[in-house]
Q: 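Below is one structure. I have some questions about it.
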Amino acid sequence: MSDRLREQQLSTEVVYQGGFLQIRKDRARLPDGSESLREYVVHPGAAAMVPLFDDGRVLVERQFRYAVGQTFVEIPAGKCDPGESMIQTARRELVEETGYSAARWAFLTRIHPAIGFATEVMDIFLCRELTQVGHAPDHDEFLELECVTVGWLIDELKAGRLTDVKTQIAVHWLDRIVSGHWPWPAFDIV
């Protein structure tokens with residue numbers, strides 16, 4: 001890959017420090033030698049999970065998202081705590097949000113949900129052999145859980161009602177896998 005498009009950081013300033021997000025304003029040298037400002041959100045990273053039951057149903061959640069004032073159907077996900085790997089985050093968040101643990105895990109893909117303004121990276125995992133263990137969502141997290149079919153998810157996607165990007169990507173992956181167009185991933189994460 002060429003470095004001809006690389007921008008060089010000249011200075012950085014933290015303009016906001018929140019509970020887990022930070023907003024920075026940098027001055028950068030552009031490829032043509034000129035300078036410009038770059039504003040972006042520093043995010044700790046996140047993991048998302050596709051909990052797939054033996055009968056082919058998928059566990060999803062409905063959650064109100066304050067920033068856009070709307071309830072979304074989503075796959076479970078959560079931010080990384082300091083020192084956690086993506087798989088550790090996925091295992092913790094699955095139990096916290098859904099009350100299930102999974103015996104088998106497979107990596108599906110890595111995404112950068114908002115490359116224009118955020119550093120967030122998110123790994124998406126497929127998890128199987130689910131066991132209900134009881135959940136403990138964060139004190140400010142209110143969720144409704146539902147088991148749906150892959151067909152239902154595809155229909156919602158086609159109808160434009162499944163607009164969460166991580167969920168859209170996960171549904172595309174899952175559809176390709178269960179339809180036989182792509183091979184099943186290796187369930188080798190321990």
Side-chain angles (χ1 to χ4, degrees), residues 43-81 84-114 120-138 140-190:
H43 188 285
M49 301 72 68
V50 182
L52 182 63
F53 289 98
D54 292 341
D55 65 3
R57 292 177 305 138
V58 180
L59 185 61
V60 296
E61 52 193 40
R62 293 178 191 274
Q63 186 172 13
F64 182 80
R65 294 301 190 166
Y66 185 85
V68 291
Q70 199 173 326
T71 299
F72 290 85
V73 171
E74 305 175 45
I75 59 171
K79 69 171 180 61
C80 294
D81 285 345
E84 269 186 334
S85 68
M86 293 289 200
I87 188 63
Q88 289 169 326
T89 298
R91 290 180 191 278
R92 176 182 52 76
E93 287 286 344
L94 182 66
V95 172
E96 285 179 11
E97 291 194 357
T98 72
Y100 284 88
S101 65
R104 299 179 65 213
W105 290 83
F107 175 78
L108 290 181
T109 192
R110 173 168 279 185
I111 63 173
H112 293 88
E120 182 180 12
V121 61
M122 179 183 289
D123 285 355
I124 302 175
F125 299 93
L126 180 61
C127 50
R128 305 284 316 257
E129 296 180 16
L130 302 169
T131 303
Q132 198 163 23
V133 295
H135 71 290
D138 293 336
D140 60 352
E141 193 169 44
F142 297 88
L143 309 166
E144 292 178 357
L145 301 175
E146 184 176 353
C147 289
V148 299
T149 64
V150 175
W152 183 88
L153 288 166
I154 293 295
D155 290 346
E156 290 295 290
L157 188 62
K158 287 178 182 176
R161 291 186 294 264
L162 198 65
T163 61
D164 172 58
V165 69
K166 71 182 175 300
T167 303
Q168 283 193 0
I169 291 167
V171 168
H172 281 292
W173 272 79
L174 188 58
D175 180 51
R176 300 301 291 173
I177 292 166
V178 300
S179 69
H181 289 95
W182 288 353
W184 282 87
F187 285 87
D188 57 2
I189 300 173
V190 290

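These figures come from a predicted structure and were not determined experimentally.
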Q: Between Ile87 and Trp105, is any pair of side-chain heavy atoms under 4.5 Å apart?
A: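 Result yes, sub-4.5 Å side-chain heavy-atom pair found.
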Q: Would you check if Leu94 and Ser101 make a side-chain contact, meaning some heavy-atom pair closer than 4.5 Å?
A: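 No, side chains not in contact.
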Q: If you define the side chain from C-beta out and look only at heavy atoms, does anything of Glu74 sit under 4.5 Å from Lys166?
A: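 In short, these two side chains touch, coming nearer than 4.5 Å.
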Q: Go through the steps for Phe107 and Asp188 under the test side-chain contact (heavy atoms from CB on, under 4.5 Å), then give the verdict.
A: CA-CA 9 Å; Phe107 175 78; Asp188 57 2; over 6 Å; no
Q: State, yes or no, whether a side-chain contact exists between Arg128 and Phe187 at a heavy-atom distance under 4.5 Å.
A: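 In short, these two side chains touch, coming nearer than 4.5 Å.
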Q: Can you tell if the side chain of Leu59 reaches within under 4.5 Å of the side chain of Leu145, non-hydrogen atoms only?
A: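 Sidechains of Leu145 and Leu59: in contact.
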Q: Kindly indicate whether the side chain of Val58, heavy atoms from C-beta on, has any atom under 4.5 Å from the side chain of Phe53.
A: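 Sidechains of Phe53 and Val58: no contact.
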Q: With a 4.5 Å cut-off on side-chain heavy atoms, are Lys79 and Glu120 touching?
A: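 The answer is no, as the side chains (C-beta and beyond) never meet within the 4.5 Å cut-off.
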Q: Decide yes or no for Leu143 and Glu141: does some side-chain heavy atom of the first lie under 4.5 Å from some side-chain heavy atom of the second?
A: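 A side-chain contact exists here, since the closest heavy-atom pair is under 4.5 Å.
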Q: Looking at Thr98 and Val95, would you say the former's side chain and the latter's main chain have a donor-acceptor pair under 3.5 Å?
A: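 No, the answer is negative, given that no donor and acceptor are paired below the 3.5 Å cut-off.
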Q: Phe72 ring centre to Arg65 NZ or CZ under 6.0 Å, with the angle to the axis within 45°?
A: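 Pair Arg65/Phe72 does not count as cation-pi.
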Q: Does Asp81 come within less than 4.0 Å of Arg92, counting only side-chain N to carboxylate O?
A: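 Yes, charged N to carboxylate O under 4.0 Å.
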Q: Give the C-alpha distance, both sets of side-chain angles, the deciding distance and a yes or no for side-chain contact (heavy atoms from CB on, under 4.5 Å) between Leu153 and Val60.
A: CA-CA 10 Å; Leu153 288 166; Val60 296; 4.2 Å; yes
Q: Out of the candidates Ile189, Thr109, Leu108, only one should pair with Leu126 under the side-chain contact (heavy atoms from CB on, under 4.5 Å) rule; please name it.
A: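 Result for side-chain contact (heavy atoms from CB on, under 4.5 Å) with Leu126: Leu108.
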Q: Assess, by modelled atom type and distance only, whether the side chains of Thr89 and Glu84 contain a donor and an acceptor separated by less than 3.5 Å.
A: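 Distance-only check passes for Thr89 and Glu84.
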